[in-house]
Amino acid sequence: QVLLVESGGGLVQAGGSLRLSCAASGRAVTNVAMGWFRQAPGKEREFVSAISWRDGSTYYGDSVKGRFTISSENAKITVSLQMNSLKPEDTAVYYCAAVAYLAAGMDLRDRLDYDYWGQGTPVTVSS
């Protein structure tokens with residue numbers, strides 16, 4: 001059963017913009033937070049951004065602050081990532097993820113705290 005589906009990836013020139021979307025279904029719609037991670041070839045999966053439904057707090061990785069914006073039009077169901085001023089180093093597969101339950105000490109920047117993952121959507125930024 002597919003629980004998270006990403007869309008919106010593609011090829012863009014440096015300086016351009018893309019908007020990624022993620023839709024949750026099934027048991028994933030009871031999540032408490034959703035986020036985006038990315039993984040470039042040969043590198044670890046990296047935190048990009050997250051949003052907590054408890055208080056609407058948003059979080060960003062240092063490399064994307066000021067350029068990317070996470071948002072949602074339907075909390076717990078959809079989440080979007082607006083990516084502006086894209087750089088070649090933003091090239092990666094972008095994954096949507098969701099957290100099932102709140103837990104003490106949880107860190108939304110830590111991929112290990114996420115319970116559901118999408119299949120990923122590739123983003124390529126050409127120089």
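Along the sequence shown, residues carry numbers from 1.
- Judged by distance alone, with hydrogens and angles left aside, the side-chain atoms of Asp115 form a donor-acceptor pair with the main-chain N or O of Ala100 at under 3.5 Å.
- At least one side-chain heavy atom of Met83 sits under 4.5 Å from a side-chain heavy atom of Val123.
- When the options Leu108, Ile70, Leu81 are evaluated for a side-chain contact (heavy atoms from CB on, under 4.5 Å) with Ile51, the one that passes is Ile70.
- Salt bridge annotation for Asp62-Lys65: present, with a cationic side-chain nitrogen under 4.0 angstrom from a carboxylate oxygen.
- Between Ala14 and Ser127 the shortest heavy-atom distance is CB-CA, 4.3 Å.
- Arg67 contributes atom CZ, which lies 7.0 Å from atom OG of Ser85 (distance to the nearest 0.5 angstrom).
- A distance-only check finds a donor-acceptor pair linking the side chain of Asp113 to the backbone of Asp107 [under 3.5 Å].
- Taking 4.5 Å as the limit, some side-chain heavy atom of Val79 sits within range of a side-chain heavy atom of Cys96.
- Distance alone, capped at 3.5 Å, places no donor-acceptor pair between the Glu44 side chain and the Gln39 backbone.
- A cation-pi arrangement is present between Arg45 and Trp117, with the terminal nitrogen or guanidinium carbon under 6.0 Å from the aromatic centre and inside a 45° cone about the axis.
- Side-chain atoms of Ser71 and Gln82, non-hydrogen and from C-beta on, never get closer than 4.5 Å to each other.
- Separating the CG atom in Leu11 from the OG atom in Ser126 is a distance of 5.0 Å, to the nearest 0.5 Å.
- Closest approach of Tyr114 and Met34 over heavy atoms only: CE2-C, 4.3 Å.
- Distance alone, capped at 3.5 Å, is enough to place a donor-acceptor pair between the Glu6 side chain and the Gly120 backbone.
- Defined by atom type and a distance below 3.5 Å, a donor-acceptor pair is missing between the side-chain atoms of Ser49 and Arg38.
- Side-chain atoms of Asn31 come within 3.5 Å of backbone N or O of Ala28 as a donor-acceptor pair.
- To the nearest 0.5 angstrom, Arg109 atom CZ is 10.0 Å from Phe37 atom CZ.
- Classification of the Phe68-Tyr94 ring pair by plane angle, with boundaries at 30° and 60°, yields tilted.
- Between the side chain of Ser72 and the backbone N or O of Thr78 there is at least one donor-acceptor pair closer than 3.5 Å.
- Here the CG atom belonging to Leu3 is positioned 5.0 Å from the CZ atom belonging to Arg27, to the nearest 0.5 angstrom.
- Residues Trp53 and Ala33 approach most closely at CD1-N, 3.6 Å, considering heavy atoms.
- A 4.5 Å side-chain heavy-atom check between Val12 and Thr124 finds every atom pair outside the cut-off.
- Counting all heavy atoms, side chain and backbone alike, Ser63 lies closest to Glu46 at OG-OE2, 3.4 Å.
- Residues Val48 and Tyr116 are members of one and the same hydrophobic cluster, defined by side-chain heavy-atom contacts under 4.5 angstrom among Ile, Leu, Val, Met, Phe, Trp and Tyr.
- Of all non-hydrogen atoms in Ala40 and Ala92, the two that sit nearest each other are N-CB, 3.8 Å.
- Ring to ring, Trp36 and Phe47 are not that close: their centroids are 6.0 angstrom or more apart.
- Side-chain contact between Leu102 and Arg54 is present, with at least one heavy-atom pair separated by less than 4.5 Å.
- Tyr95 approaches Gly118 most closely through the heavy-atom pair CD2-O, 3.6 Å.
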